[in-house]
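I have placed the structure first, in the form of structure tokens, so that the comments after it can refer back to it.
As the structure lists them, so they are numbered: ligands from 1, and atoms in each ligand from 1. We count residues from 1, following the sequence as given.
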Amino acid sequence: MSNSVPVVVAIDGPAASGKGTLAQRIADAFGFAHLDTGVLYRAVGVAVLRAGGDPADNAAAARAAYELHPEHPILREVALRTDEAAQAASKVAAVPEVRAALLDFQRRFAAHPPEGAPGAVLDGRDIGTVVCPDAVAKLFVTASVEVRAERRLKELQRRGIPAISSDVLEDMKARDARDSQRAVAPLRPAADAFVLDTSALDADQVFAMAVDHIGAKTGLKPGA
Ligand SMILES: Nc1ncnc2c1ncn2[C@@H]1O[C@H](COP(=O)(O)OP(=O)(O)OP(=O)(O)O)[C@@H](O)[C@H]1O
Ligand SMILES: Nc1ccn([C@@H]2O[C@H](COP(=O)(O)O)[C@@H](O)[C@H]2O)c(=O)n1
């Protein structure tokens with residue numbers, strides 16, 4: 001394990017803005033570990049549903065969050081990628097006890113990236129504002145809701161999952177509203193975040209702009 005303080009990159013943004021794609025590319029390029037924090041909320045939401053509970057029930061959601069740990073098998077389940085899991089995630093995410101329970105998990109990852117990686121990239125909704133307010137580089141990746149819904153629709157079609165365009169758009173609007181209007185840790189850019197509107201940018205253009213920004217903040221170059 002390295003003794004130096006890890007470089008932390010925070011990437012936030014709404015659903016299907018491309019933050020997960022960008023976070024993985026940044027992690028690969030700089031040799032950093034990547035944590036998709038949405039997976040944690042999805043796991044809590046799915047655990048509550050499986051126990052026959054309501055994701056909006058504070059006590060049930062908090063119990064599931066406190067039972068989650070880094071080796072929990074639910075974190076690797078494909079079932080987390082469904083829209084049902086996303087909607088449940090955004091309901092448990094509004095419960096303050098759930099956010100408190102998951103905070104420690106995320107901060108540990110940032111402070112001690114797995115396998116002694118020299119840095120960590122965390123993507124989510126509140127990484128730059130709450131989880132890692134001292135991150136050296138903060139990116140807020142966004143795009144219009146119509147563009148994001150179209151990206152998600154294409155992704156579902158690629159995966160062979162039947163989906164109706166208007167339903168995907170409505171679900172995304174509902175999730176955006178819950179995520180940005182909740183009382184605790186609402187989705188918003190940190191004051192010192194670099195905001196990247198990707199509506200008219202492809203993934204390579206977004207990656208190049210993010211690399212430039214991280215380079216300017218850290219002096220690091222990919223692969224160095
Ligand atoms: N700049 C881009 N242009 C077009 N498509 C993109 C771009 N970035 C990512 N995508 C595609 O959009 C879809 C959503 O991307 P991704 O999963 O990275 O978003 P996300 O913000 O992490 O979503 P979620 O919060 O729902 O997990 C994927 O199919 C991805 O390949
Ligand atoms: N830091 C985070 C990450 C996620 N959430 C909530 O989880 C939902 C699912 O997230 P995805 O990134 O996998 O789409 C999301 O809609 C948020 O409600 C969060 O609150 N904070």
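- A salt bridge links D176 with R148; the closest basic N to acidic carboxylate O contact falls under 4.0 Å.
- Applying the ring-ring contact (aromatic ring centres under 6.0 Å, His included) definition to pairs two or more places apart or across chains, those involving residues 200-224 are F194-H213.
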Run through all N or O atoms in ligand 2 and write down each protein N or O closer than 3.5 Å, as a pair with its distance.
from, atom 1, to, atom 2, distance (Å)
ligand 2, 1 (N), T37, OG1, 3.0
ligand 2, 1 (N), R125, N, 3.1
ligand 2, 1 (N), D126, OD1, 2.9
ligand 2, 12 (O), R125, NH1, 2.9
ligand 2, 13 (O), R42, NE, 2.6
ligand 2, 13 (O), R42, NH2, 3.2
ligand 2, 14 (O), R42, NH2, 3.2
ligand 2, 14 (O), R125, NH2, 3.2
ligand 2, 14 (O), R175, NH1, 2.9
ligand 2, 16 (O), R125, NH2, 3.4
ligand 2, 16 (O), R175, NH1, 2.9
ligand 2, 16 (O), D179, OD2, 2.6
ligand 2, 18 (O), D179, OD1, 2.6
ligand 2, 18 (O), D179, OD2, 3.3
ligand 2, 20 (O), R99, NH1, 2.8
ligand 2, 20 (O), R99, NH2, 3.3
ligand 2, 20 (O), R182, NH1, 2.9
ligand 2, 20 (O), R182, NH2, 3.0
ligand 2, 21 (N), R99, NH2, 3.0

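- Applying the side-chain hydrogen bond (donor to acceptor under 3.5 Å, both in side chains) test to S199 and every residue at least two apart in sequence or in another chain returns D197.
- Classified by interplanar angle (parallel below 30°, tilted 30° to 60°, perpendicular above 60°), the ring pair H72/H69 is tilted.
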Given side-chain contact (heavy atoms from CB on, under 4.5 Å), test K138 with V9 step by step and report yes or no.
CA-CA 6 Å; K138 298 180 187 179; V9 177; over 6 Å; no

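- To the nearest 0.5 angstrom, T37 atom OG1 is 5.0 Å from Q106 atom CD.
- R25 has a carboxylate O that lies under 4.0 Å from a charged side-chain N of D204, or vice versa, which qualifies the two as a salt bridge.
- Taking the charged nitrogens against the carboxylate oxygens, D171 and R175 have no contact shorter than 4.0 Å, which rules out a salt bridge.
- Contact residues for ligand 1 (protein heavy atom closer than 4.0 angstrom to any ligand atom): P14, A15, A16, S17, G18, K19, G20, T21, R42, R81, R125, R151, R152, E155, R158, R175, L201, D202, A203, V206.
- Under a cut-off of 6.0 angstrom, the local environment of CD in Q157 is crowded, with over 12 non-hydrogen atoms contributed by other residues, nucleotides or ligands.
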